[in-house]
Amino acid sequence: MSTSSKKTFYVTTPIYYVNDVPHIGHAYTTIIADTLARFHKLAGRDVFFLTGTDEHGQKIEKAAAEKGLTPKALADSVVGRAQDLWKALDIEYDFFVRTTMEVHEKGVQKLFQRLLDNGDIYKGEYKGWYCVSDENFLPDDVALDADGCKTCPDCGKKASVVSEETYFFRLSAFQDRLLKLYEEHPEFVRPQSRLNEVSSFVRGGLKDLSITRTTVKWGIPVPGDPKHTIYVWFDALHNYVTAIGFDWNTERFEKFWPADIQLVGKDILRFHAVYWPAFLMAAGLPVPKTVYGHGWWLKDDTKMSKSKGNVLDPHVLLNAFGPDPLRYFLLREIPVGQDGNFSHEGFLHRVNSDLANDFGNLVQRTLTMIGNYFGGEIPAPAPETAEDAKVRNDFDDLKGRVSGHYGACALNKALEEIWTYIGMVNKYLAENQPWIMAKNPDLRPRLARVLFQAAAAIRGASYLVYPVMPRSVEKIWGFLGETQKPADILWETLAFGDFGPGRKVGMPQALFPRVALKDFLAEEAATPAAAPAAETEPTTKGVIAMDQITYDEFKKMDLRVAQIIEAERVAGATKILKLKIDIGTEQRQMIAGIAETYAPEDLVGKKLIVIVNLKPAVIRGIESQAMLLAAITPDNKAVVPFFDREIAAGAVVK
Ligand SMILES: [Zn+2]
């Protein structure tokens, strides 16, 4: 296993530029960090997870001036955008650093002074091509354009020559020590391919870095020489040590530093893998264990960026699906080091196939059968057959491998393996056919074992998924009657089938509703949804002319007796009612086009027939999770056939 026996774990994201609107790319880095933090907590480590915002520099100074605000007021007004997104994504960071915090500013000045004192910072004159947009001098190897100017290779804007008195960091003195670091600790830069890029850059020779500006006022002043402002990278990179307690919470700083993994987009890897360790070496501080340069999410094959106008707003997906499908998709789709192309088709495919079909259905079916056959109690199982033992043994093996994958940041591998196991459990159920066993009293002990095994597999597999989808897994554990939360159980003590006696399972609700692409895109376009024609405009037209269907086609419909628990009108709609129905195994809500024939108060308690396996539809912003059967009068009114004698909700209709 690649996870060490170290008792602490410190993970960081880059600090995001406060004036940027957070998009899928920011969400991706932060979701990786959150998943790693949650895994290492399960593994028993004391975890610190840092994220935050970069709030200094010329760009925010300009943006604030345009709005007539101070830079700090602008930062204060927009920092909530990042914090709100992290909340919506269930990101559990330990500290949110802002580079305008006093502890950060003081820490940076202290480190600056330390380097000035030991000669690694000196004053000089700098002249070079400077990109105002990126606040960065261009690399020397950028060629002159035809007009004698240079163009910024990062943003494509024209650069200008800047000459000024500046403080330099003696980066050139660190070439050998950096190369030695890469050689002795190849895990310092991951993935491996990026280490090669970084070390060949350093081998090409390092020039001293200009780290202050006199032209920029919005930033941290140089101690004792306040006309100079400390330049963004020297300021920003040090957040990783100031936030954790450098010079203000020494105990915590010494406990967690050096960081175990610092996640960065590949575009800022050079700053983190060259400048950052050099700054730390100069200050006499240890360097992080690993700087991980992850790939980009591309949209239409180009990097998402505000200037390109192809930024995906994560809130659209979050509003429609909640956090877990997005967390799952981003981590499952690609290895952390590679680029991925984001498409709604790809996203929905994962949601429908992996989450709704494979995982959601397994939970739903298993719990429904335990409800129907064992009164909702996880049964005491008969002895295992070899086939049952395989479900348990495979889980134990899986748990070991998944731990290794999480530890190695191979998150897609972890999920891939867990889903292979889920597929195996689905196959185990399909082959054992517990619904057939249930008809034969002699097979009851066997039925108990099969359903016990399936419930134990669900409990175990969902625990392994917890770092990626905490909210859904807590729900599943709730359905299983677990009183503990997954986060309360240590990885090493989690045992297969470790249920208490007589565990009462809950009624499963749709965990991951299937969503059709066209429905999703229609929703996303935010057109106010109208009720489907079949429900708002009942019609007798075409009945006789309809095509014949086979019995198999008919059998695909899951028709059930449902009891109406609640009925209410929908604001602004005259034809539809919102119903809450009990279908025996669970309660659902649905929209029914019967408001012209029935008053809501006349419906409560009535039993009728509904189709329960029709894809959910969203009608007037309300999800309708079933459809009822009704006869249509010549003037298009719906008449519902109610049952005239006692029949249990959930009874099959065929
Ligand atoms: Zn630029």
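Indexing begins at 1, ligand by ligand and atom by atom, following the structure's order. Along the sequence shown, residues carry numbers from 1. Because the structure is predicted, anything quoted here is derived from the model rather than measured.
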Q. Heavy-atom distance under 4.5 Å between the side chains of Phe169 and Asp208, does that happen here?
A. no
Q. Are Thr151 and Asp145 close enough that a side-chain donor and a side-chain acceptor fall under 3.5 Å?
A. yes
Q: May I ask you to check whether Tyr240 and His272 show a side-chain donor-acceptor distance below 3.5 Å?
A: yes
Q | salt bridge (Lys or Arg N to Asp or Glu O under 4.0 Å) partners of Lys150, counting only residues at least two apart | A | none
Q.
Strictly under 2.8 Å of the Zn ion (ligand 1): which protein N/O/S atoms qualify?
A. Cys131 SG, Asp134 OD2, Cys152 SG, Cys155 SG
(Q) Do the side chains of Asp90 and Arg471 get close enough for a salt bridge, i.e. N-O under 4.0 angstrom? (A) yes
Q: For a ring-ring contact (aromatic ring centres under 6.0 Å, His included) with Tyr328, tell me which candidate from Trp419, Phe321, Phe347 qualifies.
A: Trp419
